[in-house]
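Let me begin by presenting the structure, written as C-alpha cells, before commenting on it.
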Amino acid sequence: ENPLGWALLQLLLVASASYAEEPVCRQRGDPENPLLSKNGDIILGAIFSFHASWKDRKDSYMNKPLPLQCISLNFRDLQFAQAMLFAIEEINNNTDLLPGISVGYKIYDDCGSNARSAGVTLALANGNEIVSVPSKTPCTRPAHVQAIIGATSSSTTIAVSTVIGPFFIPVISYFATCACLSDKTKYPSFLRTIPSDYYQSRALAHLVKYFGWTWVGAIRTNSDYGNNGMATFTETAQQLGICLEYSVSFFRTDPYSKIQRIIDIIKASTSKVIVTFLARADFHVLLREFSYYNLSGYQWVGSETWIFDSRTAEMDTHHILDGAIGLSIPKAHVTGLREFVLNEKPLNSSNNELFIEFWETLFNCRFRQSASSADIQKECTGHEDVTGVQNSFIDMSLMPLFNNVYKGVYAVAHALHNILSCNKTCNRNVQLDPFMVLQHIRKIHFTTKEGDEVHFNENGDPAAKYDIINWQPRENGVVEFVTVGLYNPSLVPEKQLNLQNKSLIWARNSKQVPLSVCSEKCPPGTRKVLQKGRPVCCYDCIRCAEGEISNVTDSVTCVRCLPEFWSNERRDACIKKEEVFLSYEDIMGALLTAASLFGACMTIGVILIFFKYRKTPIVRANNSELSFLLLFSLTLCFLCSLTFIGQPSDWSCMLRHVAFGITFVLCISCLLGKTMVVLMAFRATRPGSNVKKWFGQTQQRLCVTAFTLIQVNICIIWLTSSPPFPFKNFKEIKDKITLECALGSAIGFWAVLGYIGLLAILCFIFAFLARKLPDNFNEAKFITFSMLIFCAVWITFVPAYVSSPGKFSVAVEIFAILASSFGLLICIFIPKCYIILLKPEKNTKKYMMGKKAPNSL
C-alpha cells in the first residue's frame with residue numbers, strides 16, 4: 001500500500017474549501033476517534049500499535065476504501081500507553097510541575113500501518129469534531145495537541161514525522177531508532193528518547209570485531225529500521241575488516257517461499273555468526289520456522305528490538321537462540337510504574353471496548369455480551385487476577401522502553417512549564433505555538449526522579465549508551481538476560497566497548513568463543529593473497545619468499561630483510577647472514593693449503609738436490625744460476641697461493657694479487673732466459689756469429705730483472721690508483737655474505753694477467769723454436785711442454801674464474817696457480833732429478849755432449 005496516499009488525501013480534504021453550493025466550512029473525510037482520551041488544559045497526542053496487524057482487503061479503486069480492520073492485540077504497546085498515562089497522572093498530581101494546569105491526552109491506534117499512522121496524525125493535528133460554521137469563519141486554528149508521543153516503529157514514525165513536520169508539532173518517539181530520522185531537513189520536528197541506530201549499528205560491528213568474527217551473515221527487516229541499520233552496520237563492518245557472506249531482508253507479510261530461501265541460504269553458508277536487524281514481529285515469524293528446521297549451532301547477534309524481549313525467549317522452544325549476544329537499552333526503574341501498568345482500571349475507565357478486548361485476550365475468555373452461542377470458551381467475570389497470568393503483559397523486561405515513554409512525556413511537560421513561566425501558578429494567557437514548544441523541548445535539560453538526565457542534541461537524539469546482553473539458559477529451561485558489558489560511544493574509542501569479567505555462554509551452551517572466519521588467520525611467515533572473486537576476508541596464506549619475513553598474524557605483505565640479514569626457516573624473523581670465505585678449516589681450503597705446502601716442499605727438495613749436485617754437468621748445463629732462481633720463484637708461487645686463503649683484509653687483498661703477479665713474472669722471466677740461452681747457444685756455434693757476447697750471464701740477469709720490474713711497476717700503479725680491497729658480496733649467494741677481495745681496478749688485474757700471458761707466449765715460442773736441437777742437451781722440449789700446460793691452465797682459468805660464485809672463484813685462482821706451478825716444476829726439473837738420483841751414469845759431460853737424431857715433437 002502507499003504509506004501516505006490516503007493520508008495526504010485527507011490533508012487536502014481538511015485544507016480545501018467547501019462546496020460552492022454549500023457556504024459552510026467543514027472537515028472532509030471520516031472522523032478519527034481516539035482509542036483512549038482525556039480532556040485537559042493541555043492535550044498530548046500519542047500513537048501506539050495497540051494491534052500488530054490488520055485484515056487484508058482488496059480495494060477496487062472504484063469506491064472509497066473502508067477503514068482498516070485491526071487485529072492481534074499487542075500487549076507491549078498497551079504497556080507503553082500505560083506508561084504514558086502514568087507519567088501524565090504524576091504530572092497532574094505534581095504541584096511543582098505545571099501547577100494548576102491539567103494535562104489530557106488523545107491516544108490513537110495505528111495498527112502498525114504507515115498509512116493509518118499518517119491518517120491519525122492528521123486527526124491529532126486537526127481534532128476529530130465535526131465543524132459546521134459559516135464559511136467566513138477561518139478554518140485554521142492552533143494545533144489540537146502540543147506534542148505527539150510515538151510512534152513505535154521507525155517506518156510508522158517516518159510517516160508521522162513527514163506529515164506533521166511542516167507544522168512543527170513535536171514528535172517524540174520512544175522506540176524509533178532509524179538513523180535517518182536524525183536528518184532535520186526531512187524531519188524538523190522529530191525527537192526521541194532512545195538512541196539512534198547510528199550508534200547501535202557501529203556498536204554491533206565493534207562487538208563482532210571484538211570476538212574476532214570476520215565472516216558473518218545478516219538478516220534485516222525490510223523496513224526503514226532494518227535497511228538503514230544494516231547499511232550502517234555493513235559500512236562500519238567493512239572498515240573493521242568484517243565481511244558479510246550474505247545479507248537478506250524479510251518482512252512479516254512476505255510469502256513462505258521467502259522464508260524457505262532464507263533458511264536455504266543459512267544452511268548453505270559457512271559463517272557461524274548471524275547479525276540481525278529485525279523488528280520483533282518479523283523475527284517471531286522467522287523464529288517459528290527456524291525452530292521447525294532446527295537451525296541450531298549459530299551464534300546470534302541481535303539489536304535492541306528482541307535481545308531483551310522475554311516473549312522472544314518464550315517462543316524459542318528449541319533453544320536455537322541460546323548464547324545470543326546483543327545490545328539493549330540500559331536497565332531502568334521508575335518507581336510506581338509496574339504497579340500502575342498492572343492496574344487495569346485506567347484502561348477500563350478510558351475505553352470499555354478496548355478493555356474488553358484486552359481482558360478477553362489476557363485471560364483467553366469471553367464476556368457474556370460478546371460471546372456467541374456457539375462459543376465454547378470460558379466466560380470472563382471481570383474479577384480475574386492480572387498478576388496470576390503468565391504472559392507478556394505482566395513482563396516488566398521492557399521497563400527501559402517504558403522509561404523512554406515516561407521521559408518523553410516529562411520532556412514536553414518541562415518545556416511547557418518554561419513557556420508558561422510557571423512558578424506557583426502558570427500564565428494561561430500565553431498563546432502556545434507548536435514551533436515555540438519544539439524549540440523549548442530541544443533546549444530542555446532535566447533530571448527525572450530516578451536520576452536520569454534528559455536532554456537532546458542538535459539532531460534531537462539523546463546520549464547513547466547500551467548494555468551488552470547475553471542469553472544464558474538456566475537449569476529450569478528459562479533464559480536469563482545477563483548484562484555482560486557496556487558500550488558508551490561518548491568515551492574514547494579504546495574504552496567504548498567494555499566487557500565485564502563474566503563467563504559468557506555461546507551457541508550450544510559452549511564456553512568457547514565460536515569461530516566464524518572465511519579463512520584461518522595467516523600465521524607469521526606468511527602473507528594474505530585474496531581469492532579471486534571473493535570478499536577480502538577470503539584469502540590464501542602464501543609463504544613469504546626467501547629473504548622476506550612477516551612477524552605478525554594476517555600480514556598483507558612480506559618485508560624484505562636488510563642486505564646483511566636473511567629470513568629464517570619459518571620466515572618470521574631476519575637472522576644475520578653467515579659470512580663465508582675460503583678458510584683453512586674448509587675441506588677445500590685445507591686441500592689447497594696441503595697442495596701448496598707440498599709443492600713448496602717439493603721445490604725446496606729439488607733445490608737441495610741441485611745444490612748437492614751443483615757441480616755435476618746436468619746442473620751446470622743451461623745456466624745453473626737461472627735454474628736456482630727459477631726454483632726459488634716456483635717456491636714463492638706455491639706459497640703465494642696461501643695468501644688467497646683466509647678472511648680477506650686490506651693487506652691480504654693487496655698482497656695476494658701483487659705476490660702472484662710478481663712471482664709468476666719472475667718465474668716466466670727465468671724460463672724465457674733459459675730458452676734464449678739454449679737457442680743462442682747453438683746460434684753462437686755458427687761461423688762468424690757474435691751472439692754469445694750479446695747474451696751472456698750478465699745480459700740474462702738484466703733481462704730477468706727488466707721483465708720483473710715491468711710487472712712491479714704495473715702493480716705499483718694498480719695499488720696507488722685503485723687497489724684491491726675486502727668486499728662483502730650480498731648477491732653472489734642469497735642467504736650468505738661472501739667475503740672476497742674486490743679488484744679495485746679491473747684494468748690493473750687484467751694488465752697483470754695479460755703481462756704474464758705475454759711472457760708465457762714468448763717463452764713458448766722460443767722453446768718451440770729450440771725443440772729440434774740435440775736431445776741430450778735440449779732443455780727446450782721440457783720448457784715447451786711446461787708452457788703448453790701453463791697456457792692451457794690460464795686460458796681455461798678465465799671463464800672458470802668469471803663464472804664461479806663466491807669463494808669458489810678464489811679456489812679456481814689458487815688451483816690455476818698450483819696447476820701451472822706443478823706443471824713447470826714437474827716438466828722441467830723432475831727429469832733432471834731422475835737422472836741425478838736414479839741414472840747417475842748419464843750425468844756426465846760426455847753423455848751431455850753426445851749427439852743423436854732429433855725426435856719429432
Side-chain angles (χ1 to χ4, degrees), residues 46 48 75-91 94 97 149-153 172-177 191-197 199-200 203 280 302-313 325-343 392-414 441 444-457 460-471 479-491 498 500 502:
F48 298 107
F75 285 144
R76 185 183 65 171
D77 280 57
L78 273 173
Q79 291 174 318
F80 293 156
Q82 290 278 69
M84 179 178 177
L85 300 183
F86 173 75
I88 290 175
E89 186 173 303
E90 267 196 356
I91 294 169
N94 189 344
L97 186 63
I149 305 298
T152 302
S153 70
I172 305 177
S173 177
Y174 49 89
F175 205 29
T177 58
L191 305 100
R192 54 183 153 198
T193 53
I194 190 170
S196 164
D197 280 338
Y199 303 103
Q200 181 176 207
R280 178 173 173 262
S303 58
E304 89 295 340
T305 50
W306 65 266
I307 199 66
F308 67 111
D309 181 60
S310 58
R311 176 62 184 149
T312 305
I325 195 169
L327 303 176
S328 76
I329 310 304
K331 291 181 179 179
H333 175 72
V334 180
T335 305
L337 179 56
R338 183 181 187 278
E339 292 74 18
F340 187 89
V341 169
L342 295 178
N343 184 5
S392 58
F393 183 75
I394 67 168
D395 174 35
M396 292 294 116
S397 63
L398 299 181
M399 186 61 75
L401 298 180
F402 303 161
N403 188 39
N404 286 346
V405 178
Y406 180 84
K407 290 188 291 188
V409 174
Y410 264 85
V412 178
H414 277 275
I441 294 177
I444 59 100
H445 193 145
F446 67 94
T447 303
T448 67
K449 65 180 181 181
E450 306 298 339
D452 294 337
E453 287 191 18
V454 180
H455 59 91
F456 303 98
N457 63 14
D461 298 329
K465 188 182 291 185
Y466 297 95
D467 284 342
I468 300 173
I469 301 295
N470 182 219
W471 283 35
V479 172
E480 183 179 350
F481 304 143
V482 179
T483 302
V484 294
L486 180 70
Y487 183 84
N488 189 349
S490 64
L491 302 177
N498 177 28
Q500 299 169 3
K502 290 187 178 181

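This chain uses plain numbering: 1 for the first residue, then up along the sequence.
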Minimum heavy-atom distance Glu450-His333, with the two atoms named: CG-O, 2.9 Å
Which heavy atom of Phe446 sits nearest a heavy atom of Lys407, and at what distance? CZ-O, 4.1 Å
Exercise: identify the closest heavy-atom pair between Pro330 and Asp467: CA-OD2, 3.1 Å
Listed by chain and number, what are the ring pair (Phe, Tyr, Trp, His ring centres under 6.0 Å) partners of Tyr199, not counting sequence neighbours? none
Work out which heavy atom in Asn404 is nearest to a heavy atom in Thr193; give both atom names and the distance. O-OG1, 3.0 Å
Do the non-hydrogen side-chain atoms of Arg76 and Phe175 ever get within less than 4.5 Å of each other? yes
Could I get the full list of side-chain hydrogen bond (donor to acceptor under 3.5 Å, both in side chains) partners for Ser328, not counting sequence neighbours? none
Heavy-atom side-chain proximity of Ile88 to Val409 below 4.5 angstrom: yes
Going by salt bridge (Lys or Arg N to Asp or Glu O under 4.0 Å), name the residues that satisfy it together with Asp461, two or more places apart in sequence or in a different chain. Arg192
Side chain to side chain, Phe402 and Val405, heavy atoms closer than 4.5 Å: no
Measure the shortest side-chain to side-chain distance between Leu327 and Ile468 over non-hydrogen atoms and say whether it is less than 4.5 angstrom. yes
Sequence neighbours left out, what passes side-chain hydrogen bond (donor to acceptor under 3.5 Å, both in side chains) with Tyr466? Give chain and number order. none
Restricting to ring pair (Phe, Tyr, Trp, His ring centres under 6.0 Å), what partner residues turn up for Phe456, sequence neighbours left out? none
By side-chain hydrogen bond (donor to acceptor under 3.5 Å, both in side chains), which residues pair with Ser173, not counting sequence neighbours? none
